[in-house]
Colleague: 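Structure provided below as structure tokens; questions to follow.
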Number of protein chains: 2
Amino acid sequence: MTVILSYNIVWLTKFIVFVTLMTFLLYYCIMEIRFDLCKSLCHRDPQETELGKKMIENSIVLIDEIGFEAFTFKKLAQRIGSTEKSIYRYFENKHLLLVFLTSWYWEWVRYLIEINIKNIESAPKKLKIAIANLVEATAENPGNKYINENLLHRLVIQEGGKAYHITAVDDENKVGMYLSYKKLVKLVADIILEVNPKFKYSSSLSSNLFEMANNQVFFAEHIPQLSSIASGKKMNQDLIDMLWHFSGKILNQEV
Amino acid sequence: MTVILSYNIVWLTKFIVFVTLMTFLLYYCIMEIRFDLCKSLCHRDPQETELGKKMIENSIVLIDEIGFEAFTFKKLAQRIGSTEKSIYRYFENKHLLLVFLTSWYWEWVRYLIEINIKNIESAPKKLKIAIANLVEATAENPGNKYINENLLHRLVIQEGGKAYHITAVDDENKVGMYLSYKKLVKLVADIILEVNPKFKYSSSLSSNLFEMANNQVFFAEHIPQLSSIASGKKMNQDLIDMLWHFSGKILNQEV
DNA sequence: CCAATTATGACAGTAATACTATCGTATAAC
DNA sequence: GTTATACGATAGTATTACTGTCATAATTGG
């Protein structure tokens, strides 16, 4: 009897170890959120290979460190112990890598907003959640093992506009390269219309919330005279309050 | 008597010709508005020489044609029949040329707003004029013989953000490179405070008016799903109406 | 009006950038 | 066990973003 019991305990232990390992494995999988981005963005999807993930992970760090202008595929290759050519097999050029990164970021923000408003009835509450998420897309839970959302957000604040402020903007738009941003802006524009169905400028207010949020953080941190928000611990909350104040006034919603 | 009269007529004619010529000369001088920009922006002030003016005039056209990324001093030199080296004697690099051009533009907008609100008493009217001027800085009167303000405005809409979205933003800010933009934002922020002295976010609303105006034009023309404004003949008026509507709501001013 | 200074053009040169091409090997797929 | 493919290694090219030198033209000062 004691022998059988001890056998059972051994198997139970083994089972528990197995379940724990599977949980970690599952967690590992969940921790690697993958987004279906526009096919034109890359030759090969970097989310599907180890090398590709290394490129994503380290390009974010490197661009954040030295800025997009100084960033080159050669430097990235050196950092991940690969070659320029291998990176070119994934991305046609560094500009498309930037569009990939910003698209991934906007997908991530949309994903966050969507899960957070899922069970919310009140439209103003939805808008409040959307604003909070677009300002602090990183704080709550890290969504990905190899993508540092905090850094990525900083990157989008610093370099995001360069993704579409280019000569070929019309061609790139035609093949759907800015779809992630458009879908996000539409999501929030629809919430805005829920709050005030008669409002004429839902798309402009929506896109301006995103642009203004990032811009005001940039100003607060680098050209403070251009912003009423001060950088520091309270910055994000102050920014959320301001965006919410503006939206409330514009949409005739008393808060 | 007739002889004396005819003599008088000859002198009168000469006088008229002289006055006309002087008027043209004066007009010529007025047509070349010069702004005192930050000394760090250029080695030699291009506004003071023929070659420098050629650089300004043609860099605007060239950047508008091929985009800032593809723009090089070599191409500009070829276009004006000069050499790379000569351009480097005026500007350290193409980035500083861009900062120079955008600064000139912001000085020009501030100049326009200031002369147009000079004799206005009502603060809301001042704000309305400011908004109209920041959207249509070009329409009324061309301010400069060698600078095409229309093109320059398009350039600022397309490439303006790149002037400060750089790694060295803090250093450049320290030496006063963005002073023109700061002064303009301050001018409008003060008008906003005149409209509503209790308003907490005057700087942010002011900078956002400028950023939003340019951004929404860019979206309207290139990624229309991101804007409620449609490109075309009515675009500018629609944009003015929207900015005025937003400002009015935010500042509790019924329009 | 001449001397001195300064601005420009002509030409050369360099390190880095933004790619493209070829080839051998390792690895995964069928 | 062959075949496809992914990757690394190496080489090469046109262009970019500058810097340096020198002769000449234009402007300024006395």
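Only heavy atoms go into these numbers, but all of them, side chains included; no hydrogens, no water, no symmetry mates. Per chain, numbering begins at 1; letters A, B, ... match sequence-line order.
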Colleague: Centre-to-centre under 6.0 Å for A:Phe218 and B:His165, is that the case here?
Modeller: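 Distance test on ring centres: under 6.0 Å, yes.
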Colleague: Which residue lies toward the 5' end of DNA chain C, B:Glu84 or B:Gly81, if each is placed at its nearest nucleotide?
Modeller: B:Gly81
Colleague: When the distance from CD1 of A:Ile87 to P of C:dA18 is rounded to whole Å, what number comes out?
Modeller: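 Taking CD1 of A:Ile87 and P of C:dA18, I get 12 Å after rounding.
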Colleague: Round to the nearest Å and state the distance from A:Glu48 atom CD to D:dT5 atom C1'.
Modeller: 14 Å
Colleague: What integer distance in Å separates A:Glu69:CD from C:dA16:C1'?
Modeller: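 Nearest whole value for this atom pair: 15 Å.
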Colleague: Tell me whether the rings of A:Tyr181 and A:Trp106 are parallel (<30°), tilted (30 to 60°) or perpendicular (>60°).
Modeller: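 Parallel, since the angle between the ring planes stays under 30°.
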Colleague: For B:His43 and C:dT6, what is the distance between atoms NE2 and P respectively, to the nearest whole Å?
Modeller: 17 Å
Colleague: Would the number of heavy atoms belonging to other residues, nucleotides or ligands and lying under 6.0 Å from NZ of A:Lys183 be above 12?
Modeller: yes
Colleague: Of the nucleotides C:dT17, C:dA21, D:dT5, which one has an atom closest to the side chain of A:Lys75?
Modeller: C:dT17
Colleague: Which nucleotide sits closest to the side chain of A:Tyr88: C:dT8, C:dA18, C:dT22?
Modeller: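 Closest of the options to the side chain of A:Tyr88: C:dA18.
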Colleague: Would a line drawn from the ring center of B:Tyr111 to the ring center of B:Trp108 be shorter than 6.0 Å?
Modeller: yes
Colleague: Using whole Å, report how far NZ of B:Lys94 lies from C1' of C:dT17.
Modeller: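 Taking atom C1' of C:dT17 as the reference, NZ of B:Lys94 is at 12 Å.
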Colleague: Let me know which of B:Leu187, B:Val188, B:Leu184 forms a side chain to side chain contact (heavy atoms under 4.5 Å, CB included) with B:Val109.
Modeller: B:Leu184
Colleague: Nearest of D:dC7, C:dA18, C:dA21 to any side-chain atom of A:Ser86?
Modeller: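 Nucleotide nearest to A:Ser86's side chain: D:dC7.
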Colleague: Rounded to the nearest angstrom, tell me the gap between atom NE2 in A:His95 and atom C1' in C:dC19.
Modeller: 16 Å
Colleague: Which of these passes side chain to side chain contact (heavy atoms under 4.5 Å, CB included) with A:Tyr146: A:Lys53, A:Glu50, A:Met55?
Modeller: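 Passing option: A:Lys53.
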Colleague: According to the interplanar angle, ranging from 0 to 90°, do the rings of B:Phe35 and B:Trp104 count as parallel (below 30°), tilted (30 to 60°) or perpendicular (above 60°)?
Modeller: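 B:Phe35 vs B:Trp104 ring planes: perpendicular.
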Colleague: Is any side-chain nitrogen or oxygen of A:Tyr90 closer than 4.0 Å to OP1 or OP2 of D:dA6?
Modeller: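 It does not, given that no N or O in the side chain of A:Tyr90 lies less than 4.0 Å from OP1 or OP2 of D:dA6.
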Colleague: Charged N to carboxylate O below 4.0 Å: is that the case for B:Lys54 and B:Glu57?
Modeller: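 B:Glu57 and B:Lys54: not salt-bridged.
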Colleague: Using the side-chain heavy atoms of B:Arg44, tell me which of these nucleotides is nearest: D:dA9, D:dC7, C:dA7.
Modeller: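 For the B:Arg44 side chain, the nearest candidate turns out to be C:dA7.
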Colleague: Based on the rotation axes of five pairs at each end, what angle does the helix from C:dC1-D:dG30 to C:dC30-D:dG1 bend through, to 10°?
Modeller: 30°
Colleague: Side chain of B:Thr72, heavy atoms from C-beta onward: which of C:dT8, D:dT16, D:dG8 has the nearest atom to it?
Modeller: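 So the nucleotide nearest the side chain must be D:dT16.
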Colleague: Tell me the interatomic distance from A:Asn93, atom CG, to D:dT15, atom P, rounded to whole angstroms.
Modeller: 18 Å
Colleague: Of the listed nucleotides (C:dG9, C:dA7, C:dC19), which one gets closest to any side-chain atom of B:Thr83?
Modeller: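 Closest nucleotide among those given: C:dG9.
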Colleague: Which residue, B:Ile80 or A:Phe73, contacts DNA chain C at a nucleotide closer to its 5' end, judged by nearest heavy atom?
Modeller: B:Ile80
Colleague: Given D:dC18, C:dT8, D:dG8, identify the nucleotide with an atom nearest to the side chain of A:Ser82.
Modeller: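 Given the options D:dC18, C:dT8, D:dG8, the side chain of A:Ser82 is closest to D:dG8.
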Colleague: Which nucleotide wins on minimum distance to the side chain of A:Arg89, given the candidates D:dG8, C:dT8, C:dT17?
Modeller: D:dG8
Colleague: Grab the NZ-C1' distance between B:Lys74 and D:dT16 for me, whole Å please.
Modeller: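 Taking atom C1' of D:dT16 as the reference, NZ of B:Lys74 is at 9 Å.
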Colleague: For the side chain of A:Lys85, starting at C-beta, report the closest nucleotide among C:dA21, D:dG8, D:dT21.
Modeller: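 Nearest to the side-chain atoms of A:Lys85, counting from C-beta on, is C:dA21.
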